[in-house]
Amino acid sequence: MAGREGAPRVLVGWVPDWPVVAVLGGEPEPQRLAAVVERGRIVAASDGARSAGVRRGQKVRSAQALVEGLEVFERDPDAEAAAFEPVADAVGALAAHLEVVRPGLLAVAAAGAARFHGGEDVLAERIVDAVEAAGHPCRVGVADGLFAAQLAARAERIVPPGDSARFLAAHPVAELGDGRLAGLLLRLGVVTLGQFAALAPGSVADRFGAGGVVAHRLARGLEARPVVTRPPGTDLAVEEHFAQPSTLAQPLVFAARGLAERLHARLAGAGLACERVEIEVECADGTTASRAWRHEGVLSVGAVAERVRWQLQAWQRRPVFDERAGGVVALRLLPDGLVRDPGRQLSLQDGDQEATARAERAVARVQAILGHAAPATAELAGGRAPGDRVVRTPWGDAHQERRADGPWPGQLPAPSPTHVPDKPRPVRLLDADGHDIQVTARAEVSAAPVRLVLPGDNAEVAAWAGPWPEHERWWDPEQARRTARMQVVTHDGRALLLAVTAGRWHVEGDYDT
């Protein structure tokens, strides 16, 4: 299987702030202050919110303290995928080889489509027009490889063939999307992608491992992994036929996880993995519908199943499931973008593999009922606030970046709260005269706390300790945070951990007494 070093020409179309667009049902008004959150952090914000200082990755409570009247919405990936389907259709009418990277971002194999339309600049202009006709602004970029094309789309540039490495060179290493690697590179004095690309590949492999090799290839303007040819005579596609045609997406979603597992088992048998998968359904009348989905990395079983669910639920609103077509009789997954699979070496602690497989099948059934993000694994991590010390990841997904265990100066000492609310619960802490307690720059309270005002409840303060100040990320104006914490015991026996940020108190945890 011969590899290919060069990166093909890719056109990327990007609709900015798509999670906000999907949750609001359309483009927000310029001054509307809206943000979409996932696991307590901002993932997208409207133009108005960004102008007021809201940034991606910011904690919700910090954003709310910064911007009064900020509307916060929980992320809905299914709604994002369904709302993006008309946009993908509009672009698909202009380019046959279209892939959805994620809702709001799509990629097109530029070579053939550009020849048909008379050049990359003409193709880019027509795609912008098509997306705007569908009711959304669009930015387009063209470059060698998906990674460079995404950055080109932000700048609305067409990078000349062979010039992607030079285009990438000035970008910061944070664009690689690997926070841990970027932090290590910065500590080593490697600030830009050009400086990282200049390092010897062998040295990068020795120092940073497989993840560093992938990032290094991207920085050099190459594909993340060399693409390999399909083994001769090997059929890697998998399909499921249904005796009873279905006019609903949900029964097919149940089958999607098992189909994804079969696909990966077949790929693993050939020593391969895939970066793209085409989802195809066949109806009783012989008509078919298909959509290709791409991923920045190698698609896992959970990622494939999630994309199948997104696509099926998007098609639910279209004639694909119309009774006139007789219902869906077959679901197929066709892998593409094949790369070598390095495999995984099991440790002695991995235990009974059959028991693990049974557990994974059970969790897959729960995901089909409650959604992909419902079952999650939790991992302890470093952090100062109680809510920062647990990293939750949907089952089947790659674990998020884990914060180092320490030291964490200013970390709340044991015992930790027994319960940490998902969202901050605002409260007021008052003195004897009914004035709000303030914490000075010297970490002193303005007066002794006397009364705690909770939603629908008042409580007298029997004892208190603190405050303990915290000033995190003072070197980063966008993520800097000043917080002070106090422990409060009320006369009715409740023990609470309170925190104040920007003059507003909230309950950060409670102790089961």
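Both backbone and side-chain heavy atoms feed into the values below; hydrogens, waters and symmetry mates do not.
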Checklist line | His435 side chain vs Leu430 backbone, donor-acceptor pair below 3.5 Å | finding: no
Notebook entry, point to check: What's the verdict on side-chain contact (heavy atoms from CB on, under 4.5 Å) for Val281 and Leu312, showing C-alpha distance, side-chain angles and the deciding distance?
Noted result: CA-CA 9 Å; Val281 294; Leu312 290 173; 3.9 Å; yes
Item checked: Check against side-chain contact (heavy atoms from CB on, under 4.5 Å), His419 and Tyr511 -> CA-CA 7 Å; His419 177 259; Tyr511 301 86; over 6 Å; no
Check: Does Leu70 reach the side chain of Val54, with side-chain heavy atoms less than 4.5 Å apart?
Finding: yes
Next item on the list: Flag the pair Lys59 and Glu38 as a salt bridge only when some basic side-chain nitrogen lies within less than 4.0 angstrom of an acidic carboxylate oxygen.
Entry: no
Checklist line | Polar side-chain atom of Trp505 near backbone of Ile437 as donor-acceptor pair, under 3.5 Å | finding: yes
Item checked: Closest contact, heavy atoms only, Glu175 versus Phe147 -> O-CE1, 3.3 Å
Margin query: Between Ser46 (side chain only) and Ala34 (backbone N and O only), is there a donor and an acceptor less than 3.5 Å apart?
Written below: yes
Check: Charged N to carboxylate O below 4.0 Å: is that the case for Arg102 and Glu80?
Finding: no
Note to self: Do Val173 and Val191 have side chains that approach each other closer than 4.5 Å (heavy atoms only, starting at C-beta)?
What the structure shows: no
Note to self: For the backbone of Phe208 and the side chain of His216, can you confirm whether one donor and one acceptor N or O come within less than 3.5 Å of each other?
What the structure shows: no
Notebook entry, point to check: Which value, rounded to the nearest 0.5 Å, describes the distance between Leu252 atom CG and Phe242 atom CZ?
Noted result: 4.5 Å
Note to self: Distance check, rounded to the nearest 0.5 Å: Leu105 atom CG versus Gln150 atom CD?
What the structure shows: 5.0 Å
Check: Salt-bridged, Arg482 to Glu470, with N to O below 4.0 Å?
Finding: no
Item checked: Note, Arg180 side chain near Leu184 side chain (heavy atom, < 4.5 Å) -> no
Margin query: If you count heavy atoms of other groups shown closer than 6.0 angstrom to CD of Glu29, is the number above 12?
Written below: no
Check: Can you check salt bridge (Lys or Arg N to Asp or Glu O under 4.0 Å) on Glu223 and Arg276, steps first, answer last?
Finding: CA-CA 13 Å; Glu223 292 278 44; Arg276 298 187 297 274; 5.5 Å; no
Next item on the list: Report yes if some heavy atom in the side chain of Leu454 is under 4.5 Å from a heavy atom in the side chain of Arg425; otherwise report no.
Entry: yes
Item checked: Flag side-chain contact, heavy atom, 4.5 Å: Leu452 against Leu496 -> yes
Notebook entry, point to check: Would a 4.5 Å heavy-atom cut-off, applied to side chains only, mark Glu508 and Pro417 as touching?
Noted result: no
Checklist line | Min side-chain heavy-atom separation Arg41-Val60 under 4.5 Å | finding: no
Note to self: For Glu71, is there an ion pair with Arg32 - N to carboxylate O distance below 4.0 angstrom?
What the structure shows: yes
Notebook entry, point to check: Which pair of heavy atoms, one from Arg485 and one from Ala499, lies closest together, and at what distance?
Noted result: CG-CB, 4.0 Å
Notebook entry, point to check: Could Asp436 and Arg504 be called an ion pair, given the rule that one side-chain N must be under 4.0 Å from one carboxylate O?
Noted result: no
Item checked: Minimum heavy-atom distance Trp293-Arg307, with the two atoms named -> CE3-CG, 3.7 Å
Check: Ignoring hydrogens and geometry, is there a side-chain-to-backbone donor-acceptor pair from Ser62 to Gln58 under 3.5 Å?
Finding: no
Next item on the list: Please report the shortest heavy-atom distance between Gly189 and Gln195, naming the atom on each side.
Entry: O-OE1, 3.9 Å
Next item on the list: Please answer whether the main-chain N or O of Ala153 pairs with a side-chain N or O of Glu156 as donor and acceptor at a distance below 3.5 Å.
Entry: no
Notebook entry, point to check: Any chance the side chains of Gln311 and Glu85 put a donor and an acceptor closer than 3.5 Å?
Noted result: yes
Notebook entry, point to check: Taking the side chain as C-beta and beyond, is there a heavy-atom pair between Thr440 and Ser446 under 4.5 Å?
Noted result: no
Notebook entry, point to check: Which atom pair, heavy atoms only, marks the closest approach of Ile42 to Val37?
Noted result: CD1-CG1, 3.6 Å
Note to self: Salt bridge check, Asp17 against Arg50: does any charged N sit closer than 4.0 Å to a carboxylate O?
What the structure shows: yes
Check: Checking Arg428 side chain against Val453 main chain: does a donor-acceptor pair fall under 3.5 Å?
Finding: no
Note to self: Please find the pair of heavy atoms, one from Pro103 and one from Trp310, that lie closest to each other, and give the distance.
What the structure shows: CD-CZ3, 3.9 Å
Check: Any salt bridge between Arg291 and Glu278, counting N to O under 4.0 Å?
Finding: no
Next item on the list: Give, for atom CD of Gln64 and atom CG of Leu33, the distance between the pair rounded to the nearest 0.5 Å.
Entry: 12.0 Å
Margin query: Can you confirm whether more than 12 heavy atoms, excluding those of Glu460, are under 6.0 Å from its CD atom?
Written below: yes
Item checked: Salt bridge present between Glu261 and Arg266 (N-O < 4.0 angstrom) -> no
Notebook entry, point to check: Is the shortest side-chain N to carboxylate O distance from Arg262 to Glu240 below 4.0 Å?
Noted result: yes
Next item on the list: May I have the step-by-step check of side-chain contact (heavy atoms from CB on, under 4.5 Å) for Leu193 and Leu176, ending in yes or no?
Entry: CA-CA 8 Å; Leu193 294 179; Leu176 292 168; 3.6 Å; yes
